[in-house]
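Every heavy atom of this structure was used, including side-chain atoms; hydrogens, water molecules and symmetry mates were not. Note that the structure is a prediction, hence the values are computed from the model and not measured. Residue numbers start from 1 in every chain, and the chains themselves are labelled A, B, ... in the order their sequence lines are given, proteins ahead of strands.
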Amino acid sequence: MTPALSISHLRKVYRRGTVAVEDISLSIPEGEFFGFLGPNGAGKSTTIHCVTGIAEPTSGKIEIFGIDAVKDYREARRLIGLCPQEFNVDIFATPRQIVDWMGGYFGMRAALRKERTDMLLERFDLIPHQKKSFRELSGGLKRRVVLARALIHDPKLIILDEPTAGVDVELRRVLWKYLQEINADGRTILLTSHYLEEVERLCRQVAIVNKGRVVREGTKDEMAGGPGGLENAYLVATGAEPDHVPGAA
Amino acid sequence: MGINWIGLYTIIRREVSRMWRVPVQAFVAPWISALLFIFIFGSVVGGRIATIGGHRYLEFVLPGILMMNIVNAAFLQSSSAIYFSRFVRFVEEILVAPLSYAEMIAGSLSVVVLRASVTGVGILLMGIAFGASSIESWPLFIFWIVSVSTVFGLLGIIVGLWSKNFEQLNMPVVFFLTPLSMVGGVFNTVAMLPEWLRWIAWANPFFYFINGVRGAMIGVDETPPGLGEGLTLLLLVVLGGTVWRMYSKGYGLRE
């Protein structure tokens, strides 16, 4: 079966010579809920940027459902929805405009855009805020808008780069529930998060990256099953000092 | 994969929406500036100057005033749109979407031509109010409005992609657009200049734009037939190629 996302020997060197991704290879099967973990600067966001077209890979190959993400980028991008870590939004636009425009960029007709925009604004409790400008919204509301924007075209592969950072517990739970639902519907999800509890709750497969390389990959149960659970596995894989590892002997 | 018409139209919708957020900056400012020029040269100075080529002085300067404002409108529209989208990073919305470079560029330029045209129509109406607007050749007039606004739209994209800060974004207006348009024959013919200075007019691309639109409006044309049109088309090809290359390389866009 063709994987939803296949990354082979990805390397990314920025113009000033900084190596952000040394050599990352991953394969995420269709329908998977995949956790992508690592410390700040490990190369997670850069990898995501290379997959989605925000950054250009220096070398390596990326395929989305078997479609080359560089050569056939337009076909590949139709299949991806990205919820980025930072708010890359026209701050003077309203939530309704932001979500509707994104649907337009993906070629959705007006009637379908309206239907999906209404549904997503309702789902994320944004209807009372739909006519405010983005900059007037609280951090949690802003996060909901970028999430709704990522989902407008009903993508097969959803990439969430720390989607619950700065979000209150209530919204986090709403979001988890929604993600579990769409994953159960067959959508593939790649999630990065610094909340290991979130990864433990949602993901079935996990990869840990450090210094631009995958340092450990496996099922969540394998990683969380040892002493200290997923946190222990994460700290060991990323080279943390043993006496900083909770639960370690 | 065919053209993403809805995506292209959405880029236009978004940019029009952005433009309408600043109507004073986009339209009122150039119209007031043009009105002051028309008033000064029509009622104050114009009455003391003899006709040029059988036309009142206001009729002679109106095409230049029109072209100066179209150039500014086109450049500011595309440069600020690109720079702002990079500055707050919502350019990434376009980068992650299934849009080709041609669609991205065409979307930006469509709004450039729209803004320049609305600015131009407003100035034409003011000219009518002062009894000075006339169009001898509509096809040529439309050619000059569309081609010159596209040239400066492309230049604005290049500057918008290149700029690292607002200072750099404004530099071309201060050091290039305003001075060259002022000495590009808005207020005088080449024949009015001393002979040793005439090369400045011939070397200034703005002279061909102003002269071209003046030819289309009142029939006063100082260049050999086709020269201005040819140079403008050449500029379109060179700037269009440069913008295409910058987009395909991700210059200023992709990390």
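The shortest heavy-atom contact between A/His49 and B/Arg89 is CE1-NH2, 4.0 Å. Nearest heavy-atom pair, A/Tyr73 versus B/Leu99, reported as atom, atom and distance to 0.1 Å: CE1-O, 3.6 Å. Residues A/Tyr105 and B/Ala97 share a closest heavy-atom pair of CB-CB, 3.6 Å. Across B/Lys249 and A/Glu56, no two heavy atoms sit closer than the pair O-OE1, 3.7 Å. Nearest approach of A/Gln97 to B/Ser17, heavy atoms of both residues: NE2-OG, 3.6 Å.
Judged by distance alone, with hydrogens and angles left aside, the side-chain atoms of A/Asn88 form no donor-acceptor pair with the main-chain N or O of B/Glu93 at under 3.5 Å. In this structure, B/Arg18 contributes its side chain and A/Ala93 its backbone to no donor-acceptor pair below 3.5 Å. With hydrogens and angles ignored, the 3.5 Å screen pairs a side-chain donor or acceptor of A/Arg74 with a backbone N or O of B/Gly2.
For A/Glu75, the parts lying under 4.5 angstrom from a heavy atom of chain B are both the backbone and the side chain. Only the side chain of B/Arg21 comes within contact range of chain A, judged by heavy atoms closer than 4.5 Å. Contact annotation for A/Arg149: only side-chain heavy atoms (C-beta onward) come within less than 4.5 Å of a heavy atom of chain B. For a residue to count as touching a neighbouring chain, one of its non-hydrogen atoms must lie under 4.5 Å from one of that chain's; by this rule B/Ile11 touches chain A with backbone and side chain alike. Contact of A/Tyr14 with chain B is made through the side chain alone, with heavy-atom distances under 4.5 Å. If you measure heavy-atom distances from B/Ser100 to chain A, the contacts under 4.5 Å come from both the backbone and the side chain.
By the neighbour-count criterion of 12 heavy atoms within 6.0 Å, atom CZ of B/Phe130 is densely surrounded, having more than that number from other residues, nucleotides or ligands. Surrounding CD of B/Gln168 are more than 12 heavy atoms belonging to other residues, nucleotides or ligands, all under 6.0 Å away. Applying the 6.0 Å contact sphere to NZ of B/Lys164 captures more than 12 heavy atoms from other residues, nucleotides or ligands. When the shell of 6.0 Å around CD of B/Glu167 is examined, it contains 12 or fewer heavy atoms from other residues, nucleotides or ligands. Atom CZ of A/Phe65 has more than 12 heavy atoms from other residues, nucleotides or ligands within 6.0 Å.
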Full working for side-chain contact (heavy atoms from CB on, under 4.5 Å) between B/Val96 and A/Ile54: CA-CA 7 Å; B/Val96 303; A/Ile54 293 171; 3.7 Å; yes

Step by step, work out the side-chain contact (heavy atoms from CB on, under 4.5 Å) result for B/Ile6 and A/Met108. CA-CA 7 Å; B/Ile6 298 175; A/Met108 293 168 67; 5.9 Å; no

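Considering only heavy-atom pairs separated by less than 4.5 Å from chain A, the leading option among B/Tyr9, B/Trp5, B/Phe84 is B/Phe84.
Separation of atoms CZ (B/Arg14) and CG (A/Asp100) is listed at 12.5 Å; rounding is to 0.5 Å. Taken to the nearest 0.5 Å, the CE atom of A/Met102 stands 12.0 Å off from the CZ atom of B/Phe90.
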